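Let me begin by presenting the structure, written as structure tokens, before commenting on it.
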Amino acid sequence: MIILGVETTCDETAAAVVKDGHEILSNVVASQIDLHAAFGGVVPEVAARSHIEVMLPVIDSALDKAGIEIEQIDGIAVAYGPGLIGSLLIGNLTARTLAQILKKPLYLVNHVEAHTYASFLDGKKPQFPLLSLTVSGGHTQLVLFTDQDRYKILGRTHDDAVGEAFDKVAKILGLPYPGGPSVAKAAEKGDSNAYKLPMPNLGKGSLDFSFSGLKTAVLRAAQATAGRDFRTPSHEIPSLLSDQQRNDLAASFQATAVNILHSKVMVAIESYSPKSIVIGGGVAANKALREKMSGIPGLLPYPPHYLCTDNAAMIAAVGCFHAKTSMPVSPLDAKVDPILSM
Ligand code: KG4
Ligand code: ZN
């Protein structure tokens with residue numbers, strides 16, 4: 001079964017062709033990083049307009065690279081949420097229109113669920129119960145799968161997602177967008193013990209997360225290091241920090257964020273004894289996170305970097321699964337859901 005996946009939930013326009021749920025025939029991602037870099041973050045309106053411009057060329061390129069004609073696909077899968085409404089609409093209207101014209105079945109995919117499926121794209125067979133940690137720019141959650149389509153959410157963030165915290169800390173420190181990779185790079189040259197930053201206390205055994213307190217603690221530490229008080233606006237901070245102070249703050253923040261994620265995974269393992277564990281989403285590309293998590297029994301190999309960040313291969317993989325287990329949706333009433341939860 002050959003599925004065309006379409007992904008436009010945020011700032012990547014992506015299309016992929018996947019065979020039988022795990023064989024990637026093509027995987028094309030047009031990133032908008034350069035467009036948003038000048039603003040220090042994703043501008044929703046700019047993102048939507050860029051999706052309009054590149055959506056069809058990206059789909060053409062995915063079909064080209066897969067060496068197939070569009071008539072040869074068996075179905076179309078599109079991420080319908082969560083995400084930015086303008087961005088979601090472009091991918092969904094495109095997928096709907098193609099499904100209607102080509103008379104192909106259309107499957108709607110939850111973007112966060114798809115990050116878990118990225119771990120199975122190389123044919124890996126997870127054992128259940130499976131613990132999945134998704135760490136991205138929009139989501140931080142722990143989910144227990146008792147089967148491929150049966151799961152319960154064990155915990156999620158009360159405020160910022162961990163990737164969002166990386167992005168905001170980058171801004172406080174004056175590091176370039178996108179924040180995750182630049183904080184990680186600065187952290188390599190810093191001392192992770194230089195600053196003692198707080199771990200949130202959400203109650204004994206809680207598997208929920210919170211990162212906004214940590215982000216504020218970095219701001220306060222940066223203000224104090226710069227010799228200023230808490231009223232100093234964050235945009236004044238970067239020019240007052242030395243490179244070493246910036247690197248030390250980045251390293252201390254990263255180590256604390258990673259410790260928070262690690263400690264929650266350990267609590268979940270103790271409570272649910274999963275047989276397999278997967279970690280997905282953009283922050284799964286983080287080296288310090290990988291080092292801290294290494295050695296956890298049952299941890300499946302990470303997806304390659306290009307499958308950790310947003311892509312359409314993971315959307316097509318879930319689409320293949322839906323195609324075997326559920327009915328397609330009508331292209332005429334397919335919806336988007338910006339705040340879709342799992
Ligand atoms: O999964 P993703 O591509 O998009 C969302 O669904 O949000 O994740 C993007 C997030 C951004 O916040 C980015 O800063 C973060 O992943 N990220 C990283 C790294 N690479 C990307 N965070 C920490 N370390 C990295 N190496
Ligand atoms: Zn994502």
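Given the structure is predicted, the values throughout are model-derived calculations rather than measurements. Just so you know, ligand 1 is whichever comes first in the structure, and atom 1 is the first atom listed for that ligand. Start at 1 with the first residue, then count along the sequence. Note that these values count all heavy atoms, side chains included, but never hydrogens, waters or copies made by symmetry.
Relative orientation of the His111 and His115 rings is perpendicular, given thresholds of 30° and 60° on the angle between their planes.
A side chain to side chain contact (heavy atoms under 4.5 Å, CB included) with Ser132 holds for exactly one of Thr116, Leu300, Ile279, Leu154; it is Thr116. Among the candidates Leu142, Thr146, Leu207, the single residue satisfying the side chain to side chain contact (heavy atoms under 4.5 Å, CB included) test with Tyr272 is Leu207. Of the residues Ile260, Leu249, Thr256, Asn259, the one that meets the side chain to side chain contact (heavy atoms under 4.5 Å, CB included) test with Leu197 is Thr256.
Scanning the protein for heavy atoms near atom 3 (O) of ligand 1, the closest one is Asp310 N, 3.0 Å. Scanning the protein heavy atoms around atom 15 (C) of ligand 1, the nearest turns out to be Val283 CG2, 3.9 Å. Among protein heavy atoms, atom 24 (N) of ligand 1 sits closest to Asn286 ND2, 3.0 Å.
Considering only heavy atoms from C-beta on, Arg96 comes within 4.5 Å of Leu106 through its side chain. In this structure, Leu219 and Val169 have side chains that are not in contact, with every pair of non-hydrogen atoms separated by 4.5 Å or more. Looking at Leu130 and Tyr151, their side chains never come closer than 4.5 Å, going by heavy atoms from C-beta outward.
Remark: ligand 1 and Gly137 share an N or O pair separated by less than 3.5 Å (distance only, no angle test). By the 3.5 Å distance cut-off applied to N or O atoms, Ala184 is not counted among the residues near ligand 1.
Evaluated by nearest non-hydrogen atom to atom 14 (O) of ligand 1, the leading choice among Asp167, Val258, Val169 is Asp167. With atom 8 (O) of ligand 1 as the reference point, the heavy atom nearest to it among Ser31, Gly282, Gly180 is part of Gly282.
With a heavy-atom cut-off of 4.0 Å, His111 touches ligand 1 through its side chain alone.
Residue contact check: Gly163 has heavy atoms under 4.0 Å from atoms 12 (O) of ligand 1. Listed by number with element, the atoms of ligand 1 under 4.0 Å from a non-hydrogen atom of His115 are 1 (O), 6 (O). Every atom of ligand 1 with a heavy atom of Ser136 under 4.0 Å away is listed here by number and element: 1 (O), 5 (C), 6 (O), 7 (O), 8 (O). Below 4.0 Å from some heavy atom of Thr309 lie the following atoms of ligand 1, by number and element: 3 (O). Numbered from 1 in the order shown, with element, the atoms of ligand 1 that lie under 4.0 Å from a heavy atom of Gly138 read 7 (O). Listed by number with element, the atoms of ligand 1 under 4.0 angstrom from any heavy atom of Pro181 are 19 (C), 20 (N), 21 (C), 25 (C).
Annotation: Ile339, atom CD1; neighbour count of heavy atoms from other residues, nucleotides and ligands within 6.0 Å does not exceed 12. By the neighbour-count criterion of 12 heavy atoms within 6.0 Å, atom NZ of Lys264 is densely surrounded, having more than that number from other residues, nucleotides or ligands.
For the Zn ion (ligand 2), the neighbouring protein N/O/S atoms at less than 2.8 Å, given as residue and atom, are His111 NE2, His115 NE2, Asp310 OD1.
Listed here is the closest heavy atom pair of Ala16 and Ala62: N-CB, 4.2 Å.
Between the Ser182 side chain and the Gly179 main chain, a donor and an acceptor come within less than 3.5 Å of each other.
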Show your reasoning for whether ring-ring contact (aromatic ring centres under 6.0 Å, His included) applies to Tyr195 and Phe253.
-> CA-CA 8 Å; Tyr195 293 88; Phe253 159 75; over 10 Å; no
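Asn286 and Gln254 share a side-chain donor-acceptor pair at under 3.5 Å.
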